[in-house]
Asker: 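Let me give you the structure first, and then I'll get to my questions.
When a ligand or atom number is given, it counts from 1 through the structure's own listing order. As the structure is a computational prediction, the values presented were derived from the model and not from experiment.
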Amino acid sequence: MKEKVINLNVIFLLLIYICNSSINSIYAQTAMNNVSARHCTNLNGKWEIIIDPTGAGDWREVWQERKPEKKTDFIEYSFEGGPLLNVPGDFNSQKTELKYFEGTIWYKKTFNYDLNKSKRLFLHFGAVNYLAAVYLNGNLLGKHEGGFTPFQFEITNKLKEGENSIVVRVNNQRLKDGIPCLGYDWFNYGGITRDVNLIETTDSYISDYFIQLKKHSLKEVLGWVRLDGDNLSQNINIKIPELKVDYKTRTNIEGLAEIKFSMDLKLWSPETPKLYSVIIQSENDTVEDTIGFRSIETSGTKILLNGKPLFLRGINIHEENPLKAARACSESDALLLLKWAKELGCNVVRLAHYPHNENMVRLAEKMGIMVWDEIPVYQQIEFSAPGVTGKMDLMMREMVSRDKNRCGVIIWSLSNETNPSESRDKALINLTDKCRRLDSTRLITSVINDEDYKNNILNVWDTLYRHFDIISLNEYLGWYVPWQGLPGDVKWNLCCNDKPVIISEFGGEALYGSNYGPKDEAASWSEEYQEQIYKDQVKLLEKVPNLGGIFPWLLVDYRSSGRMHPVYQNGWNRKGLLSEHGDKKKAWYILKAYYDSIKNTH
Ligand code: GCU
């Protein structure tokens with residue numbers, strides 16, 4: 001049989017996979033995808049904890065869970081008899097004594113598992129913010145750094161008869177070489193913030209797959225499937241029953257197979273968010289996913305969805321349920337935020353500034369809302385510090401790995417507002433190239449806010465944009481930056497004239513119902529002041545060359561400890577168009593009217 005020529009992407013993936021599984025094995029594995037469709041035993045619920053503000057648990061080795069043996073023994077820690085926390089969920093919002101806690105919390109959960117000899121077992125975390133060290137029965141399984149992407153450990157041969165005990169060391173202290181690093185304008189919710197599952201698989205299982213339309217195509221699927229285990233060369237079926245697709249291929253000796261077939265299908269779009277049941281079958285494993293198919297690309301200064309010009313009516317959202325003042329983690333949290341976005345007239349959401357819960361991405365796709373997915377390479381990152389570019393690379397790969405089959409995701413964003421420097425440019429250019437090699441089907445960008453504003457001229461000069469598919473810039477004219485002339489008279493100089501421009505942030509603060517001072521002064525935090533910013537921004541936006549979309553900052557007030565004015569902010573960033581109680585501010589109506597006015601023309 002003519003040896004299939006597997007395209008470079010597949011080989012590139014294989015190299016990543018081999019090096020990822022071979023680097024110091026104490027590092028977590030990249031998680032298998034589509035966890036909800038796997039054979040899961042959910043470990044959500046109450047976990048015992050030890051609050052460890054001084055790090056004493058490290059030298060006491062609390063993961064050993066020692067018990068007194070002799071009458072004269074005593075142990076100065078115990079999970080039993082201690083407090084409990086809900087998983088998933090941040091720890092800051094669950095106990096008043098943890099409200100501002102940044103340190104180590106030890107979590108414990110026990111489970112029994114009867115694993116059949118022919119099966120494998122993995123321990124999977126949806127996310128842990130920020131550093132995780134995971135122990136099973138007193139032995140270190142491994143570690144993970146990064147607060148917003150999934151990871152897993154194989155525990156097949158590490159189980160014991162009867163009760164098994166998981167201990168997780170979670171630390172959310174800020175790190176100078178962290179991603180994000182020391183300063184960021186959102187609340188540092190620590191904890192096991194997403195689902196924890198035991199996942200049982202067959203001995204050689206379908207660990208990953210990528211099934212999306214080939215770049216620029218409206219009917220050709222180009223992807224791959226990968227097996228993990230000992231028996232790697234297997235017959236593979238990809239079925240889409242509704243389209244009578246039953247594509248057959250075979251994985252090579254490394255467990256990889258390219259997927260390439262054409263079909264007539266109903267394309268996914270915000271108006272028709274069509275998803276298909278896709279069944280991926282090997283000789284001993286089956287995984288079912290719901291996958292949509294669409295084409296997203298740029299053509300000169302236009303963004304095209306399924307070949308037609310698209311204007312992104314966006315909004316920024318942080319992963320927080322403001323009604324609970326907590327990290328969003330449930331389906332209902334996701335629905336609350338996405339219904340608010342839909343009501344505003346949005347067709348896309350920027351999930352700032354980090355990958356949100358997978359339930360948010362999947363629900364947006366079902367609701368016909370496109371997604372801007374971003375890693376927290378945010379502001380003051382130490383690009384030249386040892387290990388930082390490796391962490392960026394890992395976070396990008398973990399984001400792409402989890403969400404690559406979500407057609408609703410149209411943009412990978414690899415940074416936000418980082419300062420110009422040689423080390424930054426080198427790091428982001430490399431990361432962009434790697435991201436494009438991993439997934440050529442989506443738009444790739446980074447957000448920059450170093451444009452010059454003089455004499456009512458905005459000079460967008462940063463040549464880093466040459467490496468991105470879209471020019472994404474934040475501007476706060478009317479709030480941080482006073483106008484230098486009429487908003488409608490602002491002139492634009494763009495370093496690149498051949499790409500779409502996205503205003504990825506603009507806005508200003510207002511305290512809902514504020515009646516503390518003159519309405520036309522920023523320091524009153526009046527709704528009227530914010531409303532005027534939006535009126536002026538609409539005039540500005542109508543003159544932006546090559547404008548492909550906008551993402552006002554942001555949907556709803558959210559917690560950020562640096563927002564310290566005791567009357568107007570009280571630990572909340574007040575740039576929301578909604579208050580933390582969901583009340584519509586006056587500016588909400590300005591944006592709503594603008595989106596209603598353009599939704600049929602753009
Ligand atoms: C910045 C940044 C946001 C921040 C916002 C603000 O542009 O990207 O993360 O919250 O401005 O100042 O409110």
Asker: For N44, enumerate each residue passing the side chain to side chain donor-acceptor pair (under 3.5 Å) test, keeping only those at least two apart in sequence or located in another chain.
Answerer: N42, D195
Asker: Where does V447 meet ligand 1, judged by heavy-atom distances below 4.0 Å: at the side chain, the backbone, both, or neither?
Answerer: neither
Asker: Can you tell me which portion of N416 lies within the under-4.0 Å heavy-atom range of ligand 1? Options are side chain, backbone, both, or neither.
Answerer: side chain
Asker: Under 4.0 Å from ligand 1, counting heavy atoms only, is it the side chain of R563, its backbone, both or neither?
Answerer: side chain
Asker: Are Q380 and N419 linked by a side-chain donor-acceptor pair shorter than 3.5 Å?
Answerer: yes
Asker: Taking only heavy atoms of E417 into account, list the atoms of ligand 1 that are under 4.0 Å away from them.
Answerer: 1 (C), 2 (C), 7 (O), 8 (O)
Asker: Where is the nearest protein heavy atom to atom 2 (C) of ligand 1: which residue, which atom, and how far?
Answerer: E505 OE1, 3.3 Å
Asker: Starting from atom 13 (O) of ligand 1, find the nearest protein heavy-atom neighbour and note its residue, name and distance.
Answerer: K575 NZ, 2.7 Å
Asker: Any salt bridge linking D596 with K599? Criterion: basic side-chain nitrogen under 4.0 Å from a carboxylate oxygen.
Answerer: yes
Asker: Hey, which atoms in ligand 1 end up nearer than 4.0 Å to a heavy atom of Y558?
Answerer: 10 (O)
Asker: Taking the six-membered ring of F551, is the NZ or CZ of R313 close enough (under 6.0 Å from the centre) and on axis enough (within 45°)?
Answerer: no
Asker: Cation-pi check, K585 to W588: give yes when NZ or CZ is under 6.0 Å from the six-membered ring centre and within 45° of the ring axis, no otherwise.
Answerer: no
Asker: Compute whether any side-chain donor of one residue and acceptor of the other, for D333 and N321, lie under 3.5 angstrom apart.
Answerer: yes
Asker: With heavy atoms of N474 as the reference, note each atom of ligand 1 found under 4.0 Å away.
Answerer: 7 (O), 8 (O)
Asker: What residue and heavy atom of the protein are closest to atom 10 (O) of ligand 1, and at what distance?
Answerer: D185 OD2, 2.5 Å
Asker: Restricting to side chain to side chain donor-acceptor pair (under 3.5 Å), what partner residues turn up for Y558, sequence neighbours left out?
Answerer: D185, N573
Asker: Pick, from F506, Y476, Y184, Y378, the option with the minimum heavy-atom distance to atom 5 (C) of ligand 1.
Answerer: Y476
Asker: Specify whether W525 and W479 have parallel, tilted or perpendicular ring planes, treating 30° as the upper limit for parallel and 60° as the lower limit for perpendicular.
Answerer: perpendicular
Asker: Over all heavy atoms of both residues, which pair between M395 and I179 is shortest? Give the atoms and the distance, please.
Answerer: CE-O, 3.2 Å
Asker: I need the atoms of ligand 1 closer than 4.0 Å to a non-hydrogen atom of N573, numbered in the order shown.
Answerer: 6 (C), 10 (O), 13 (O)
Asker: At less than 4.0 angstrom from any non-hydrogen atom of H353, what atoms of ligand 1 do you find?
Answerer: 3 (C), 8 (O), 9 (O)
Asker: Pick one of side chain, backbone, both or neither for how W479 approaches ligand 1, counting any non-hydrogen atom pair under 4.0 Å.
Answerer: neither
Asker: Hey, does Y480 come in under 3.5 Å of ligand 1, counting only N/O atoms on both sides?
Answerer: yes
